[in-house]
Amino acid sequence: MKMLKRKSLLLMVVVLLVSLVSACSGNNNGGNGNAGNTNASATPTPTVEVTADTAEPVEITWWNFPNFTALDGEVGKFEKQIIAAFNEKHPEITVNLEMLTFDGGPEKLNVAIATSTAPDVIYDAPGRIIDWAKKGLLAPIDDMFTDEVKADITPAIVEQSSVDGTMYMYPFNTGPFTMAVNKTLFEDIGALDLLPLDSEDRTWTVAEFEAALKAVKEKAPDVIPVGFYAKSQAGDQGTRGFLTNLAGSTFLNDTNDGIALNNEGGVAALEWIMNASKEGLLAQGAASMAASDHNDLFLQGKMAFAINYSAVLKTQFAPNKASDFEDILLPYPTVDGSAPKLEPFLGGLSIFDNDDAAKVEASKKFVDFIVNDPEWSITALKQTGGLSARNSITGIYEGSEYAYSELARKFITTPPTIADGYAEIRTYWFPALQKVLLNTASAADALAEFETLGNEAIAKGKATRISN
């Protein structure tokens, strides 16, 4: 009798389970319009939203430069907090973090790519990312962008994040590259009126800039008036922005397929650099000075103007300031004081295509969490010190310099990093600057040679992209 009851009970359980499975299957296939059924015309749930309950375990690697301000002075601590928060929603995805340095990181990435050991996720700038995309190394991420999100991003930033209309970088933090000035120094020497702080947009002329430099040389002789550097590729956007605005020219032509700076204005701008160096207005030894050396001099209070700054860098540099001074943002001067052309600082996340679809999908979930999670996206953005790449996300900071950085968005122009072959173009830029600073070539000859080499790199890069 007990055996019969058990068999009857088992049969009832089996029948119940079959009924439940059938009901669930009916709902997934459209069903009969019950409350749990979704409209067939609705947009499907993105892959990045697959729940942890149904996902298989997967392990990915994340390589990151110090894009976030070190938490409690510990590099990587904030990144570990992001991973921990992500794992609360996606415990099935293991994220292995490796921190890179700005000095050695690029070479480490090159070696990893060459040996097929590239990371899955990288947080970097378009200069390298778009070059990788053009070489077919990255996974496309168009499926991560709704039309609404894409429309919320400035076209110049979309262009920097894509190749031939396909998105390869999810833009996250931005802000125009500018100069910076030690405002406290100018207060101390009684020359604050020489800075263009009375106008809302802070635009100024080269002549006004020169007057400020000469005041520093005269009243604070131990301080370098303005910095410059030409040792390596790092920080190339600072030298480009400074010189193109002095020249009243663009770096590339309107179609981004040729060097445009080799003109009368460009030659005059390089000659200005040469003369400023001779007059002691420009940092001595700039030919052998790296961007990091330039930054250190400014943060130590030994230099009045830095040519490579932004709201993002202001935040990142804050822990390294050796003295208590107020650093404020200024646009590059132009010959007639007209609106400057500022390249955007842009950081974003990309995914290497390592021939593993599961890792690509897991990486998309992780990237989506960093840039779109309601809580952590804003927390992470603030940790970069940058403005949001989304136009609708504003006012997350307090302070005049963030207000100015938001205002200066109107000066943003498309940077040359989108050009075919840009990774090679930049290798010719600093040698050209060095020749001028060391007087081994005239400004005209250095620019002419740079144009020839740059145009050859563009043609080669275009051919490579088409072949891929």
Is there a donor-acceptor pair under 3.5 Å between the side chain of [X] and the backbone N or O of [Y]?
X: S277; Y: I273; answer: no
X: W204; Y: P331; answer: yes
X: D120; Y: T61; answer: yes
X: T244; Y: T250; answer: no
X: N455; Y: A459; answer: no
X: Q316; Y: N67; answer: yes
X: N173; Y: G385; answer: no
X: K314; Y: D327; answer: yes
X: Q233; Y: F430; answer: no
X: Y404; Y: L330; answer: no

>> Is there a side-chain contact (heavy atoms from CB on, under 4.5 Å) between I370 and W376? Walk through the geometry before answering.
In response: CA-CA 6 Å; I370 293 175; W376 277 91; over 6 Å; no
Are [X] and [Y] close enough that their ring centers fall under 6.0 Å?
X: W132; Y: F352; answer: yes
X: F450; Y: F251; answer: yes
X: F317; Y: F298; answer: no
X: F305; Y: F186; answer: yes

Quick check: do [X] and [Y] have side-chain heavy atoms less than 4.5 Å from each other?
X: T384; Y: F345; value: no
X: P344; Y: Q160; value: yes
X: W62; Y: I83; value: yes
X: I122; Y: L100; value: yes
X: F172; Y: L381; value: yes
X: F325; Y: D188; value: no
X: L433; Y: L243; value: yes
X: I153; Y: P171; value: yes

Least distance between heavy atoms, [X] atom then [Y] atom:
X: P176; Y: L342; result: CB-CD1, 3.9 Å
X: A112; Y: W63; result: CB-CH2, 3.6 Å
X: T69; Y: P319; result: CG2-CG, 4.3 Å
X: V436; Y: A443; result: CG2-CA, 4.0 Å
X: T205; Y: P333; result: O-CB, 3.6 Å
X: I129; Y: S350; result: CG2-OG, 3.2 Å

>> Please determine whether side-chain contact (heavy atoms from CB on, under 4.5 Å) holds for the pair V360 and K364, giving the CA-CA distance in whole Å, both sets of side-chain angles, and the decisive distance to 0.1 Å.
In response: CA-CA 6 Å; V360 169; K364 286 180 180 179; 3.9 Å; yes
>> As a quick check of understanding, evaluate side chain to side chain donor-acceptor pair (under 3.5 Å) for Y229 and N295, giving each step before the final call.
In response: CA-CA 10 Å; Y229 47 91; N295 298 338; over 6 Å; no
>> Tell me which pairs pass salt bridge (Lys or Arg N to Asp or Glu O under 4.0 Å) where either residue lies in residues 211-230, with sequence neighbours left out.
In response: none
> Between N253 and T255, does a side chain to side chain donor-acceptor pair (under 3.5 Å) hold up when you go through it step by step?
Replying inline: CA-CA 6 Å; N253 60 23; T255 51; 3.2 Å; yes
Would you find more than 12 non-hydrogen atoms of other residues, nucleotides or ligands less than 6.0 Å from [X] atom [atom1]?
X: K382; atom1: NZ; result: no
X: D336; atom1: CG; result: yes
X: E264; atom1: CD; result: no

>> Can you tell me how the ring of F86 sits relative to the ring of F366, calling it parallel under 30°, perpendicular over 60° and tilted otherwise?
In response: perpendicular
>> Angle between ring planes, F209 versus F242, binned at 30° and 60°: parallel, tilted or perpendicular?
In response: perpendicular
>> Among T427, N256, D236, T417, which residue satisfies the side-chain hydrogen bond (donor to acceptor under 3.5 Å, both in side chains) criterion with Y422?
In response: D236
>> Using salt bridge (charged side-chain N to carboxylate O under 4.0 Å, His left out), reason through E343 and R240 one step at a time and then give a plain yes or no.
In response: CA-CA 9 Å; E343 293 187 20; R240 280 198 312 267; 2.6 Å; yes
>> To the closest 0.5 Å, what do you measure between CD (E107) and OG1 (T101)?
In response: 11.0 Å
> CD/E98 to CD/E79 distance, rounded to the nearest 0.5 angstrom?
Replying inline: 12.5 Å
> Hey, mind stepping through L281 and E210 against side-chain contact (heavy atoms from CB on, under 4.5 Å) and telling me if it holds?
Replying inline: CA-CA 8 Å; L281 300 179; E210 288 176 345; 5.6 Å; no
> Should K135 and D131 be marked as a salt bridge (charged side-chain N to carboxylate O under 4.0 Å, His left out) after you check the CA-CA gap, both sets of side-chain angles, and the distance that decides it?
Replying inline: CA-CA 6 Å; K135 293 176 180 175; D131 183 60; 3.1 Å; yes
> When you look at H294 and M303, which way does the side-chain contact (heavy atoms from CB on, under 4.5 Å) test go after all the steps?
Replying inline: CA-CA 9 Å; H294 160 276; M303 192 166 72; 3.5 Å; yes
>> Would E424 and Y428 count as a side chain to side chain donor-acceptor pair (under 3.5 Å) here? Give the steps.
In response: CA-CA 7 Å; E424 184 177 349; Y428 303 129; 2.5 Å; yes
>> Tell me every residue that passes salt bridge (charged side-chain N to carboxylate O under 4.0 Å, His left out) with D152, counting only those two or more places apart in sequence or in another chain.
In response: R390
